[in-house]
Enquirer: 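Structure incoming, see below.
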4 protein chains.
Amino acid sequence: MDRALSPLISPDMAQVFSPEAHVRGMLAFEAALARAEAQAGIIPRDAADAIGAACRVELFDVPAIFAEGARAGAPTIPFVRELTARIEGDAARYVHWGATSQDAIDTAFMLQARDGLELLTARLLEIAGACAQLAEAHRDTPMAGRTLQQQALPITFGLKAARWLALVTRQIVRLDALRPTLCVQFGGAVGTHASLGDRGLAAMEMIAADLGLAVPELPWHTERDRIAELAAALGVVAGAMGKLAGDALLLAQTEVGEASEGVEPGRGGSSTMPHKQNPVDATFARAASRLALGELPLIFNAMDHEHERAAGPWQVEWEALPRIFLHTAGAVERVLRLASGLVVDAERMRANLEITGGLVLAESLSMTLAARIGRPAAYALVKDACVRVRETGQSLEAVALADPQITAALDASSIHRALDPANYLGTSAEQVDRALAGYQALLATREG
Amino acid sequence: MDRALSPLISPDMAQVFSPEAHVRGMLAFEAALARAEAQAGIIPRDAADAIGAACRVELFDVPAIFAEGARAGAPTIPFVRELTARIEGDAARYVHWGATSQDAIDTAFMLQARDGLELLTARLLEIAGACAQLAEAHRDTPMAGRTLQQQALPITFGLKAARWLALVTRQIVRLDALRPTLCVQFGGAVGTHASLGDRGLAAMEMIAADLGLAVPELPWHTERDRIAELAAALGVVAGAMGKLAGDALLLAQTEVGEASEGVEPGRGGSSTMPHKQNPVDATFARAASRLALGELPLIFNAMDHEHERAAGPWQVEWEALPRIFLHTAGAVERVLRLASGLVVDAERMRANLEITGGLVLAESLSMTLAARIGRPAAYALVKDACVRVRETGQSLEAVALADPQITAALDASSIHRALDPANYLGTSAEQVDRALAGYQALLATREG
Amino acid sequence: MDRALSPLISPDMAQVFSPEAHVRGMLAFEAALARAEAQAGIIPRDAADAIGAACRVELFDVPAIFAEGARAGAPTIPFVRELTARIEGDAARYVHWGATSQDAIDTAFMLQARDGLELLTARLLEIAGACAQLAEAHRDTPMAGRTLQQQALPITFGLKAARWLALVTRQIVRLDALRPTLCVQFGGAVGTHASLGDRGLAAMEMIAADLGLAVPELPWHTERDRIAELAAALGVVAGAMGKLAGDALLLAQTEVGEASEGVEPGRGGSSTMPHKQNPVDATFARAASRLALGELPLIFNAMDHEHERAAGPWQVEWEALPRIFLHTAGAVERVLRLASGLVVDAERMRANLEITGGLVLAESLSMTLAARIGRPAAYALVKDACVRVRETGQSLEAVALADPQITAALDASSIHRALDPANYLGTSAEQVDRALAGYQALLATREG
Amino acid sequence: MDRALSPLISPDMAQVFSPEAHVRGMLAFEAALARAEAQAGIIPRDAADAIGAACRVELFDVPAIFAEGARAGAPTIPFVRELTARIEGDAARYVHWGATSQDAIDTAFMLQARDGLELLTARLLEIAGACAQLAEAHRDTPMAGRTLQQQALPITFGLKAARWLALVTRQIVRLDALRPTLCVQFGGAVGTHASLGDRGLAAMEMIAADLGLAVPELPWHTERDRIAELAAALGVVAGAMGKLAGDALLLAQTEVGEASEGVEPGRGGSSTMPHKQNPVDATFARAASRLALGELPLIFNAMDHEHERAAGPWQVEWEALPRIFLHTAGAVERVLRLASGLVVDAERMRANLEITGGLVLAESLSMTLAARIGRPAAYALVKDACVRVRETGQSLEAVALADPQITAALDASSIHRALDPANYLGTSAEQVDRALAGYQALLATREG
């Protein structure tokens, strides 16, 4: 699907990675390059001014640049020519002085990545806020904890939301930590700044400062660890979104029905089934998450840049790097809608906890017994009781009360207490508080 | 990069997988569905006619359909509504009768896939033609065969081109064999044709016949082996293109210089280095090949469609399936330009064969000796001679002539003959003929 | 995990891809090579006999061969030396005559692949048998069809099993079709059979015939489309297993409970929760399926073999090709256990069909109404009724009977009929019959 | 290939990820758990002592544990039973108290990961040392810089080594930064520490402190961002190794011959070609790098752990996480051998710089001219001169001296100076110094 039309891509991120934005980034590089070179005495100040004045994306026919670039080998070939053509007199001589195509393109991508990360972070903060609300509101709402798709023990929905919150909080921290990775590219044809004499590294630093990017220790045309690191961080975000969306889908199943996307006109319907309320956002979030992860191996495999400039691996990044932003943001936006509008059914949660006739509290009974008769013996007794529950359809409480070995160790009220979910939630509430505290600390750090 | 602007995407294939083409495909499905249902007596003939008349893509606001589809969960929701709105009177009742979103979307993709395969096959035939010309023209042009990037033994350039030819020929056969995979989708909401009474499977067959698609034994909404098989075949094509492009890049290296892309104004230049003639097509072919292969795991991993309709995996295909066509075709088009315009330097091939001082024919000498003194002894003697070649810089012929153990078994002229590349080409020419014959046979089959 | 100890690997397949089996395959190649060369008059018949006699895996220290191979660059270096050392007299001269390492290794893998495919096919036939039984036994057992994890319309469990059956049947056909892909490798150092004079292609054909492998048109050392095609077919099988396992997991959920793995001592327990019966086989099948699919991109990406022998891509296959067999077979074996032992709860299926208060039959009501008042009006009316069902908790039947617009078009008994699952199963039974017929046809073909 | 026999796996890392090591890790967890619970007053001190005493891997039949685990669903089922069986009296009651299988397994993997990272870091430091030596020794050795496989401009070999050094230095820093990621897992069946009352989080912290692992804010059974982050860091290392190996392969090509792996008996030979010295370590490094990267998508895709314990995704990690360590270490060890033994041919570097007749310094001439007549005019003049060099075979110097437009701006000695590689190395030496300084700083930090 074309970007603007795909449900699996964030429209806002599509702006950040539009062809126009890429050309804007290259222009920012060229202007900063000229300023740096003027400052370093390599080119005249006037030339830098003239170049800077021409570095406005409105002056360029962006599609034409890319169309010609597809023939030429890189969009910078027509781009530099067109930029040069827009500058009068001597100043034109100094356009792109000492730079190479990859300097402009890599730096433009880094500027776009910075914008992209800002957008992602803002949205993740909103998701965290929504999860924090859910965690607080449902701090003590019991529900079934499920392992291997089977009801296992009770948890609270607040705990589930708190884990989502902690997961999202960590992602924001992770993205914030990427700033030093976003660094300028500048080295000229083979990374030696050969045409700048001995002022190459100084110029590199000035361009970085001008653009607000980090300074790499060396030009990095064919050492792509930073790109891989950036992509991996996005991949972790995308994977986290997939986890949230997957949980939401499972909670929304007809037979579970514990949480659902809000009903909204024109959304989630079926073209034939009048009753259907499909989980649209979770579905698209899951798909977008996978699509984002699909870019990851492309970028990692493309670390095999050869010698001083790669023939193929670099060009792979031109597609894969934008796409991992687009789809990650697509997943993030869907999860944001999902988390913000989640309709939680606490009654259904409680009802589902009861459908196993108490089996979901077998461990509680087993541990209570274990305190009296030891873990192995208790486990064996309760396991037998569970078999009887399955065979007879009776509740675990009834079976336990009828088991002389169990009643020898525990009285009826102990058994009853052991089988009440509210008494076997462990650190659920404490964990909610921890996750909320972590989130508040993040907010404080970012505001501070 | 947006599709139209990316150097890694075929513009023609971008037409086949445009949003308009997808809507056109869905309209083709709806029209064929109506005709089949009229024929089966499920809906009135007039209704089918009216529906068919409205199934023209020009009548629809394609971007609006996808924009709304991103909210609704699928483009079919607005699509069916808009189609219905374009039909007057009673006939409108019968639009999309008994079908589900996935019926229309899957069938549309299958129609697009058919067009896409046709396009790919046509281009691959052209590549095969170009390779056949190279194989014929250079049937007897000796060059170094290289293993693990080291010169090993002589081959002919004709043989290399013949292997490319055989590889491409096999791909055409492979794509031709995909026809039964391109089948209609029709089952209704859960694949039971419930609203068609007992005429569901008959209608499925009629739609397939109408559209020229194959008939599946059952509806296949969540059994995606066919999609995976289709993607795999494209992946093999893409991988084959990567192999060809990689060979071309290595041949074009400055230090090898045996073949290069033709020089053309405005192509392959560098923004700073006046002498550069970059291998543009090979570079983009390699990148496009990798991008195509990057879609493969997405599609295979998305075979985990759950129950009767997937929440996520199916939507992954909406992006990944078009993209594997787009990038495979991108690679194919670049390889076509490459193979058609390849400038072969037979002199350089011959010169490179000589730079090892005859080492590249060490096996020839060893095998000639082996006929006299056995393989192990001969191997050991010649291995020693090779060490001396490396140490002294002398030619292998000189070293061999100075080695009494070698000259005890072989006279000077035998040694000289053994070290002439033309005498150690084995079945090179015969293989060229085989590959050409295989190609001719394919052409004959396709024309016949 | 080491192969023998991993729950995600088939132990039988681990035998097929053991180091011993690989050496056995290389020995089979060397023996067949010697026989072919004797037949072609290249080496003495006695030598071929002596070589053949030494080609017994018991004579070799297999771990030592691989250990030295890790230093030497390929196991064939020590392997050929050790084989030569086991042959007395002149015959030793003729070991590995005219062959290269890759000839022996690729051919050995092809022999192993043949054994591996046989094993897989046998197990898939057993799975098909189990699915056929399920399909037959539950031809008319209604259950909820689920799309996007929501109950949509009724199907039968027989239909679900029939779709599994058709999917598995197609895989067997697909694997059977791979036979021509399993071909001998023989070309010598650069694929020219240089040391065999003009008898190279003839020898290649003889070796293939001897080993029962197909004859390639040319040696294929660096054209790896066949390997990719083989891997893709395995990947499709693995993906199919993932689909089945995923469905089984969802059916076994506590809240769904429609089918489960049989209870067996020491299986599926939890280390702490006495009541747990975890879905062991489905879990491992899903994991093994993903692991198999993880090898696919490695193999496809490794199609970039350069020139006449690859430095890296080929060696990737040494790990990835066995692993895709091991994990695919791991998934297949788990699904076999799963399908053979599946405990189906038809009552629970029926009960689950009722939990929506009839919403799952909304389409049925809508289509019935549509026959009277047209699809759009009917859809709108029933959609409103569904909203009321959700708001009031009443059944759809009750709501419909209370809706004057609906009762104006349909009488009470029509409404009742429309809301009985048994009346809205469409072609479910017919599809079961089709899938069974397809399976029977496959059995007939294979036996015939 | 079995781990111990594969050339693509580090034998030392195979020890770290052996089944024994995994059981040892689980035992370390159980012992630390018991100590923590004793300290927290949950179980008796004596019990903790008895449990601790039994936690010795020699006491266990490791293969039997995994064999049974393959049936049971996890190795912890037999493991806990066997551990319990080794403890006499009451203490046996307290084994594994309040823990779940995943607590033991995840924590064991984290301990193994810690050992694995230590091993990797030690080897990377050695690689960095070797690169530092190369960078220093060849600080001023000119060679051709190559972009898109074409000679572009001169660099020094010291610069190339310095870029490798900086790349490897960054990886060490990156792995060092992973320490907070290596954290304990402890939460019990659904992550609530239900059977520990309110002391669950305290116990979690004590276990972490005991084992020297980090404390997570919450148990993280189904939030796998840390695992993905760990895998990504390994992937970046693997990718970096692939880059180095790829450069080495290209430098070792017969036609380039600028650097090669040292000759060593029994290594790099061909089974048929006596002269071959194959690049064994680079080849295996490249293959191992790709294999490591192949695990990355498995791990990222497996972030879709559902609810409180995953059925499938988690089990994928059991294979994929060890393998990414094994193959990354395999690549690292090969690159270490490669970098330590690299034989550099400075003469050949100089000779290769001359094969273009000076074209490789076209930019230098262009920039020198540009200072007089502006960049666009200079570029055009020199581009024409380059065409003449290609057409006539004359050197660029000769062509430039014969061009009146060029000689109007530059005298002969300026032209000569512009065409001397030593005068156009830019910041090469300065960059070498920077990379060395960065490496020294890292060493100082780590020692300090």
Side-chain angles (χ1 to χ4, degrees), chain A residues 84 92-94 97 145-149 152-153 155 163 166-167 170 189-190 192-195 200-201 217-218 223 225 228-229 232 235-236 239-240 242-243 246-247 250 293 296-297 300-301 303-309 311 363 367 370 374-376 424-428 430-431 434-435 438, chain D residues 84 92-94 97 145-149 152-153 155 163 166-167 170 189-190 192-195 200-201 217-218 223 225 228-229 232 235-236 239-240 242-243 246-247 250 293 296-297 300-301 303-309 311 363 367 370 374-376 424-428 430-431 434-435 438:
Chain A
T84 304
R93 296 183 181 192
Y94 299 106
W97 188 273
R146 294 171 177 100
T147 62
L148 298 166
Q149 314 261 23
L153 287 184
I155 62 170
R163 287 198 304 241
L167 176 62
R170 288 197 297 274
V190 293
T192 59
H193 315 97
S195 48
L201 290 166
E217 66 278 46
L218 306 184
E223 291 79 41
D225 51 323
E229 189 180 34
V236 180
K243 154 69 178 163
D247 280 0
L250 290 173
L293 293 179
L296 209 52
F300 271 80
N301 289 334
M303 286 185 71
D304 62 348
H305 279 46
E306 62 270 14
H307 284 327
E308 280 69 48
R309 187 88 69 263
E363 189 194 88
M367 294 306 287
R375 200 181 156 288
Y424 207 64
L425 294 170
T427 54
S428 293
E430 208 180 330
Q431 290 191 49
R434 272 200 184 201
Chain D
T84 304
R93 297 183 180 191
Y94 300 106
W97 187 274
R146 293 169 177 101
T147 61
L148 298 166
Q149 315 260 24
L153 286 184
I155 62 169
R163 285 198 304 242
L167 176 62
R170 287 197 296 274
V190 293
T192 59
H193 313 97
S195 47
L201 290 166
E217 67 279 45
L218 306 184
E223 293 79 40
D225 51 323
E229 189 179 36
V236 179
K243 155 68 179 162
D247 280 1
L250 290 173
L293 293 179
L296 210 52
F300 271 80
N301 288 335
M303 286 184 72
D304 61 348
H305 280 45
E306 62 269 14
H307 283 326
E308 280 69 48
R309 187 91 68 265
E363 188 194 88
M367 293 305 285
R375 199 181 155 288
Y424 207 63
L425 295 169
T427 54
S428 293
E430 207 180 331
Q431 290 191 48
R434 272 200 183 201

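Chain identifiers are assigned alphabetically (A, B, ...) following the order of the sequence lines, protein sequences preceding nucleic acid strands; residue numbering begins at 1 within each chain. Only a predicted model underlies this, so the values are computations on that prediction, with no experimental measurement involved.
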Enquirer: For Glu308(A) and Ile155(D), which heavy atoms make the closest approach, and how far apart are they?
Expert: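 Nearest heavy atoms, Glu308(A) then Ile155(D): OE2-CD1, 3.3 Å.
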
Enquirer: Identify the two heavy atoms, one from Ala232(A) and one from Phe300(D), that lie closest to each other, and give their separation to 0.1 Å.
Expert: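 The answer is O-CE2, 3.7 Å.
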
Enquirer: First locate atom CZ of Arg309(A), then atom CG of Leu148(D), and finally report the distance between them rounded to the nearest 0.5 Å.
Expert: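 CG of Leu148(D) is found 7.5 Å from CZ of Arg309(A).
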
Enquirer: What is the minimum heavy-atom distance between Tyr424(A) and Ala194(D), and which atoms define it?
Expert: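 It is CE2-CB, 3.3 Å.
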
Enquirer: Is Ser195(D) close to chain A through its backbone or its side chain, or both, or neither, when contacts mean heavy atoms under 4.5 Å?
Expert: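 Interface part for Ser195(D): both.
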
Enquirer: Output yes when a side-chain donor or acceptor of Thr192(A) lies under 3.5 Å from a complementary backbone atom of Thr427(D), and no otherwise.
Expert: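 No.
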
Enquirer: Using non-hydrogen atoms only, which part of Leu296(D) is less than 4.5 Å away from chain A: side chain, backbone, both, or neither?
Expert: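 For Leu296(D), side-chain heavy atoms alone lie under 4.5 Å from chain A.
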
Enquirer: What residue, out of Gly242(D), Pro297(D), Pro376(D), has the most heavy-atom pairs lying under 4.5 Å from chain A?
Expert: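 The candidate making the most pairs under 4.5 Å is Pro376(D).
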
Enquirer: What heavy-atom pair brings Gly235(D) and Met303(A) nearest, and what distance separates the two atoms?
Expert: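 It is O-SD, 4.4 Å.
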
Enquirer: When rounded to the nearest 0.5 angstrom, what distance separates CD in Glu217(A) from CZ in Arg163(D)?
Expert: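 Separation between the atoms: 12.0 Å.
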
Enquirer: Could you give the distance from CG (Leu218(D)) to CD (Gln431(A)), rounded to the nearest 0.5 Å?
Expert: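 One finds 5.0 Å between CG of Leu218(D) and CD of Gln431(A).
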
Enquirer: Asp225(D): what forms a side chain to side chain donor-acceptor pair (under 3.5 Å) with it, not counting sequence neighbours?
Expert: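 Partners of Asp225(D) by the side chain to side chain donor-acceptor pair (under 3.5 Å) criterion, ordered by chain and then number, come out as Arg170(A), Gln171(A), Arg174(A).
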
Enquirer: Which pair of non-hydrogen atoms, one from Ala189(D) and one from Glu363(A), has the smallest distance, and what is that distance?
Expert: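 Of all heavy-atom pairs spanning Ala189(D) and Glu363(A), the closest is CB-OE2, 3.5 Å.
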
Enquirer: Taking all non-hydrogen atoms of both residues, which atom of Ala311(A) and which atom of Gln149(D) are closest, and how far apart?
Expert: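 The answer is CB-CG, 4.4 Å.
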
Enquirer: Would a distance-only check, ignoring hydrogens and angles, find a side-chain to backbone donor-acceptor pair under 3.5 Å from Lys243(A) to His305(D)?
Expert: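 Yes, Lys243(A) side chain to His305(D) backbone: donor-acceptor pair under 3.5 Å.
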
Enquirer: Looking at residues at least two apart in the chain, or sitting in another chain, which of them share a side chain to side chain donor-acceptor pair (under 3.5 Å) with Arg146(A)?
Expert: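 By the side chain to side chain donor-acceptor pair (under 3.5 Å) rule, Arg146(A) matches Glu258(A), Glu255(C).
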
Enquirer: Would a 4.5 Å heavy-atom cut-off, applied to side chains only, mark Arg434(D) and Leu201(A) as touching?
Expert: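 Yes, their side chains come closer than 4.5 Å.
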
Enquirer: Just verifying a value: how many Å separate Asp247(A) CG and Glu306(D) CD, rounded to the nearest 0.5 Å?
Expert: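 Spacing of CG (Asp247(A)) from CD (Glu306(D)) equals 8.0 Å.
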
